[in-house]
Amino acid sequence: MGLATNLELDHFHVLAVDDSIIDRKLIETLLKTSSYQVTAVDSGTKALEFLGLNTIQEEEENEEVTNFPSFSSTTDHDDHDHDIMEVNLIITDYFMPGMTGYDLLKKVKESKSLRDIPVVIMSSENEPSRINRCLEDGAEEFFLKPVQLSDVKKLRSHLVKGIRSDHHIIENQPNIMEKTQSAVELEFQSL
């Protein structure tokens, strides 16, 4: 049995980003129907705010300037770190005013703290060059709209991969480490 079969899907938190309220509600409904926890926002900027990316970039810049890691396990950054760790996957529309889904993908993948979060892009346009560019630049999948339940089922493997790749971040987050350790223990018990 795989790790995903032992973890309940409602432990997975998906950040859904779409400026269209109809498409946002559709993806939110599909994800919730599939037992995922969902946070839905209407822009790439709001997604970055939710992820705390501006704060993370400032911390990374400070680390580069001082060449010392910043350890803040009990400071006011705890809530911010907790929010970041709870997001297991981002699914975003490609075309949005202001920041596109592709721009959001690039910002997430450029961040040391967020780059391991899997990103899935959605679009109503089937343009191979755009699809390839997104996949080459780090998107896990590219779904054509309207998103179907069969598409949502494909997310499970990316969610589990995202949790495994977060290992280096998880070591500094006791509550996430406990959840992951419990899941791993369940995995070994089933062998």
Side-chain angles (χ1 to χ4, degrees), residues 2-4 7 9 12-54 56-57 60-61 83-170:
L3 183 62
L7 288 174
L9 293 178
F12 292 120
H13 185 191
V14 178
L15 177 58
V17 187
D18 201 317
D19 62 312
S20 163
I21 190 164
I22 294 169
D23 289 334
R24 191 169 60 248
K25 289 297 182 186
L26 172 64
I27 190 66
E28 186 176 5
T29 300
L30 288 171
L31 289 165
K32 286 182 177 180
T33 299
S34 298
S35 299
Y36 294 106
Q37 291 180 7
V38 183
T39 298
V41 296
D42 63 2
S43 71
T45 303
K46 287 184 182 174
L48 291 179
E49 287 173 13
F50 181 80
L51 293 166
L53 190 58
N54 292 338
I56 291 170
Q57 286 176 334
E60 288 175 357
E61 288 170 6
D83 287 344
I84 293 168
M85 295 310 303
E86 283 189 355
V87 175
N88 304 106
L89 184 133
I90 300 165
I91 185 164
T92 181
D93 183 27
Y94 184 89
F95 282 114
M96 295 183 289
M99 178 182 292
T100 67
Y102 178 75
D103 296 335
L104 176 60
L105 166 70
K106 294 290 284 182
K107 291 217 179 265
V108 168
K109 295 305 175 183
E110 289 169 357
S111 168
K112 287 193 299 188
S113 301
L114 301 175
R115 72 174 60 139
D116 292 329
I117 297 175
V119 178
V120 173
I121 306 284
M122 318 174 275
S123 179
S124 56
E125 295 183 17
N126 186 4
E127 189 175 313
S129 62
R130 181 178 304 134
I131 294 169
N132 289 335
R133 182 173 70 159
C134 289
L135 295 173
E136 288 169 2
D137 287 342
E140 299 292 330
E141 293 271 354
F142 194 103
F143 293 154
L144 290 176
K145 290 181 176 183
V147 175
Q148 305 291 318
L149 187 56
S150 59
D151 295 322
V152 171
K153 289 179 182 180
K154 294 177 188 176
L155 298 177
R156 181 183 295 191
S157 65
H158 301 301
L159 287 161
V160 172
K161 185 182 349 177
I163 285 179
R164 288 180 183 153
S165 65
D166 281 346
H167 184 306
H168 70 281
I169 297 171
I170 290 172

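Computed from a predicted structure; not experimentally measured.
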Side chain to side chain contact (heavy atoms under 4.5 Å, CB included) between Leu114 and Leu51, worked out: CA-CA 8 Å; Leu114 301 175; Leu51 293 166; 4.0 Å; yes
Side chain to side chain contact (heavy atoms under 4.5 Å, CB included) between Phe142 and Val120, worked out: CA-CA 6 Å; Phe142 194 103; Val120 173; over 6 Å; no
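- Closest of all the heavy-atom pairs between Pro146 and Leu26 is CB-CD2, 4.1 Å.
- Between Glu125 and Phe95, the closest side-chain pair of non-hydrogen atoms falls below 4.5 Å.
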Criterion side chain to side chain contact (heavy atoms under 4.5 Å, CB included) on Phe12 and Leu155, from CA distance to verdict: CA-CA 10 Å; Phe12 292 120; Leu155 298 177; over 6 Å; no
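- Minimum heavy-atom separation, Leu105 to Gly138: CD1-C, 3.9 Å.
- Within 6.0 Å of CD1 on Ile22 lie no more than 12 heavy atoms contributed by other residues, nucleotides or ligands.
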Audit row: Asp93, Lys145, salt bridge (charged side-chain N to carboxylate O under 4.0 Å, His left out) steps and yes/no: CA-CA 9 Å; Asp93 183 27; Lys145 290 181 176 183; 3.0 Å; yes
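- Closest approach of Ser34 to Leu149, counting heavy atoms only: OG-CD1, 3.4 Å.
- Here CG of Leu89 is found 9.0 Å from CD1 of Ile117. Values are rounded to the nearest 0.5 Å.
- A cation-pi arrangement is found for Arg130 relative to Tyr94, the charged atom lying closer than 6.0 Å to the ring centre and inside a 45° cone about the ring normal.
- Met96 approaches Gly44 most closely through the heavy-atom pair CE-N, 4.0 Å.
- With rounding to the nearest 0.5 angstrom, the NZ atom of Lys154 is 13.5 Å from the CD atom of Glu140.
- Pairing each heavy atom of Val17 with each of Ala47, the nearest pair is CG2-CB, 3.7 Å.
- Using a 4.5 Å heavy-atom threshold, the side chains of Thr92 and Ile121 count as touching.
- Ion pairing between Glu28 and Lys25 holds under the 4.0 Å rule for side-chain N and carboxylate O.
- At a threshold of 4.0 Å, the pair Glu110-Arg115 does not count as salt-bridged, since none of the basic side-chain nitrogens sits closer than that to a carboxylate oxygen.
- Taking the side chain as every heavy atom from C-beta outward, Ile27 and Val152 approach each other to under 4.5 Å.
- Between the CZ atom in Phe143 and the CD1 atom in Ile131 there is a gap of 12.0 Å [rounded to 0.5 Å].
- Rounded to the nearest 0.5 angstrom, His13 NE2 and Leu31 CG are separated by 10.0 Å.
- Atom-to-atom distance recorded for Asp23:CG and Asp42:CG is 13.0 Å, nearest 0.5 angstrom.
- The residues Lys107 and Asp103 are annotated as not salt-bridged, no charged nitrogen and carboxylate oxygen being separated by less than 4.0 angstrom.
- Taking the side chain as every heavy atom from C-beta outward, Glu136 and Cys134 never approach each other to under 4.5 Å.
- Residues Asp19 and Lys46 are not paired through a salt bridge, judged by the lack of any N-O separation under 4.0 Å between the basic side chain and the carboxylate.
- Within the 4.5 Å cutoff, the side chain of Tyr36 has no heavy atoms near those of the Asn88 side chain.
- Atom CE of residue Met122 and atom CD1 of residue Ile91 lie 4.5 Å apart, to the nearest 0.5 angstrom.
- No side-chain heavy atom of Leu104 sits less than 4.5 Å from a side-chain heavy atom of Val119.
- Here the closest heavy-atom approach between residue Ala16 and residue Val38 is recorded as CB-CG1, 4.3 Å.
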